[in-house]
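What follows is a short report on a single structure.
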Amino acid sequence: MHTIGIDLGTTASAIAFVHNGVSKIIAVDGVKSTVPSVVNYGENFPIVGREAIYRVDSSNTVFSVKRFMGTDSKFFARTPEEISADILFFLKRSAEQVLRMPIDAAVITVPAHFSNLQRIATKKAASLAGIKVLRLINEPTAAAIAFGLDKKQDGVFGVYDFGGGTFDFSILRLSKGVFQVLATGGDTYLGGDDVDSAILEYNLHQNNLDISQLNEKEKLLGILLSKSMKEQLINLEKTHRQFIYRGNNCRFQLSREILEDIVTRFSCRTLQIADQVFMDSKININDVAGIVAVGGMTKIPLIKKAIADHFGLKIFDELNPEEVVALGAAIHADSISSRNINSLLIDVVPLTLGIETIGGTVDRIIYRNSPIPIMQKREYTTYQDNQTGIKFNVVQGERSMAKDCFSIASFELGDIPPMPAGKARISVEFSVDVNGILHISAFEKSLEVSKSVVVEANNELSNDEMMQILQIAETNKYKDAEESAHVTVRIETERMISFWESVVQDLSLEEQVVALEAIRELKAALKNDDYEKLLRYRKKIENIFDQHLDEIIGKRLTGMSVACVPDSWNY
Amino acid sequence: MASMNYYELFGIPVSYTLDEVRLTNIYLEKQSVAHPDASASLKAGANAGWKTLGLVGCNPANNVVDDVSCPRSERLSVDLNVAYDTLMNAVKRAEYFLALHGLRIDDISVHYAAEMFAISEQYGTLKTLSEKLDFQQQLVCRMKGMEKSLAAVEGNLAEFCKRAVLLRFIGSFLEKVRLDAYNRN
Ligand SMILES: Nc1ncnc2c1ncn2[C@@H]1O[C@H](COP(=O)(O)OP(=O)(O)OP(=O)(O)O)[C@@H](O)[C@H]1O
Ligand SMILES: [Mg+2]
């Protein structure tokens with residue numbers, strides 16, 4: 001069985017696989033080891049990744065869809081699950097293309113703090129993409145696996161994962177090949193995206209503008225420019241961009257000092273969460289070997305310094321923070337599928353699960369940080385004579401009132417035989433499986449011949465529904481995945497060539513010469529079906545155009561040429 | 001089916017006093033065989049030893065004996081997790097330990113009314129988040145102290161029931177403080 005690990009990130013996704021016992025990133029994109037989690041629906045098929053950014057258009061391009069998983073929002077008539085499925089399918093197909101073999105199954109990572117609904121949505125996205133989910137594992141745990149196995153070092157570690165959309169902090173113990181998660185905490189709406197918005201707000205403010213004055217296109221351009229300025233400041237002291245508002249040029253500028261002010265607002269919150277997780281784990285900080293830094297945001301030196309100063313612990317950052325989650329997922333996929341466990345994983349429930357009782361309070365059934373798989377039962381009864389049905393509202397969260405928690409499912413147990421109040425004995429069983437997903441069953445057991453009704457969380461797909469979806473997926477766009485992978489890459493490359501040819505005149509003369517020559521070689525590679533050469537030249541060309549990404553995006557979104565030359569600019 | 005309590009499951013004496021390190025080692029050792037991911041060969045060898053396993057919790061909520069809904073391999077793992085989770089938690093362990101003796105923590109809070117009041121009072125005066133975190137840390141230490149004091153009287157169950165009231169109170173107060181800290185920012 002061929003398996004891969006997938007890090008389905010908010011802003012960037014990555015895939016890895018294990019070859020000869022070593023986990024490696026599958027670089028599909030040529031330029032970077034990660035694929036932007038961006039989908040463009042401008043054509044009658046989805047375009048994913050870097051190409052989607054080249055074609056950016058606020059009326060058909062979706063960014064950061066992961067933030068909407070488990071909600072019922074829609075983008076261009078598509079659900080977050082469907083859009084994530086398009087990303088997953090692209091990743092699977094790319095992996096198949098690079099590895100030249102069909103992929104059967106994958107371990108997919110989710111933020112540790114993801115709720116039950118968000119996990120179910122992720123699993124559903126995978127099945128829409130025709131991927132068998134070996135396991136959903138938590139991102140910080142995956143990072144710890146990659147890190148721990150790399151180091152072959154027993155001990156207690158903290159994992160600080162600050163990504164594009166989410167923040168997670170977990171404490172794990174690795175001993176004799178078992179990874180035991182001791183506690184976890186986080187915020188699924190705290191990430192680099194929020195920093196980007198804050199940078200945009202700052203720059204609008206500097207230009208006497210306000211976010212409410214921008215239309216969708218301008219907002220998108222502003223966010224993308226903010227993100228790119230932020231990323232540039234690990235190398236530069238300051239940078240700037242031209243931002244076009246209603247045909248007028250505005251200057252966006254950012255210095256490292258201002259960026260650090262903005263970032264600090266968010267990193268303070270991450271450290272508060274981390275403190276709380278330490279408290280929950282009951283681990284003495286002196287017993288911790290160090291903190292593994294994960295997620296693109298930890299590339300910012302200030303963040304690493306803040307963690308080191310706050311805890312007085314060593315920071316482990318030898319592995320690329322954008323790759324480490326996928327690397328760990330691949331290792332876990334390999335060890336599950338080969339049944340050759342050299343790393344057993346015992347993770348925990350991130351948020352308390354319970355049932356709303358009369359009066360609106362929560363009866364907690366499975367507590368946060370309980371090890372999984374786990375199961376707990378409760379017994380309830382009727383409160384009225386001859387009551388024949390009982391309604392259950394299942395909630396997730398730490399608050400004591402149900403209305404303050406997330407409602408994740410509700411179901412009714414009917415057909416209770418008539419009897420006096422308080423006589424019925426309704427047993428409700430919660431079990432959280434190794435994927436961190438809750439299953440519920442409830443039955444009335446006072447009668448000798450007990451009637452049993454099994455209820456699943458209402459967002460879980462029934463087998464029938466699942467079959468139906470798989471069939472549709474089969475007959476539609478996901479047909480013959482392995483067969484068509486090669487063809488798709490050809491088509492994609494042809495598309496890219498015509499795109500590059502259309503923007504090549506925006507490059508400098510020297511660049512144009514190199515790019516045109518490379519495009520010529522690429523066409524030859526296509527003709528001869530020389531895949532190695534094709535990848536080599538694609539990479540070469542993408543590297544050139546990547547230097548001008550902001551200009552390309554600016555032009556697409558505003559129809560005007562914008563210059564972005566940060567180096568030559570001074571205050 | 002022979003039934004085991006949580007202590008027997010790990011082969012440790014029924015006592016409120018707990019060697020956490022030892023328990024954890026035994027737990028991990030057993031999980032590396034019982035866990036659904038553990039290798040098939042390992043499990044086949046080990047199954048013989050697990051045949052008689054069936055858990056009886058005295059708290060109906062924790063009673064996992066008659067479940068049929070999850071496959072056997074996962075069952076063992078679930079049982080170990082439930083048992084480990086209960087024993088590692090000072091309050092849950094007190095409840096379980098008492099339940100094994102057919103007892104429960106007293107409902108009367110009058111024993112420690114003054115202490116409880118003092119804790120609430122003190123908390124009410126705290127303003128900053130870091131003060132609240134420090135207070136949480138103090139409560140955690142206090143819990144550890146309470147755990148020791150309970151262990152010291154485990155031979156005297158009446159006294160144990162009484163002291164456990166304060167332990168339980170601090171446990172739930174900690175939860176409240178934690179929530180407060182989490183929600184305010
Ligand atoms: N050099 C850099 N400087 C500053 N920020 C960076 C840099 N490189 C990446 N980032 C930021 O890191 C974030 C992406 O990190 P990462 O790829 O780990 O997140 P993700 O996996 O997509 O999201 P999540 O894990 O939250 O779902 C983005 O906000 C990105 O702008
Ligand atoms: Mg990530």
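Letters A, B, ... are given to chains in the order of the sequence lines, protein chains preceding strands, and every chain is numbered from 1. For clarity, every value in this text was computed on a predicted model and none was experimentally measured.
A donor-acceptor contact closer than 3.5 angstrom is absent between the side chains of D363(A) and T357(A). Remark: the Y367(A) side chain and the D85(B) side chain contain no N/O donor-acceptor pair separated by less than 3.5 Å. There is no side-chain donor-acceptor pair under 3.5 Å between Q31(B) and Q180(A).
Of the two parts of L345(A), only the backbone, made up of N, CA, C and O, holds a non-hydrogen atom closer than 4.5 Å to a non-hydrogen atom of chain B. Of the atoms belonging to T24(B), it is side-chain heavy atoms, and not backbone ones, that fall under 4.5 Å from chain A. For a residue to count as touching a neighbouring chain, one of its non-hydrogen atoms must lie under 4.5 Å from one of that chain's; by this rule I365(A) does not touch chain B. The parts of D433(A) that come within reach of chain B are both its backbone and its side chain, each placing non-hydrogen atoms under 4.5 angstrom from that chain.
Look at R368(A) and E175(B) and you find a salt bridge, because one of the NZ, NE, NH1 or NH2 atoms lies within 4.0 Å of a carboxylate O, short of that distance.
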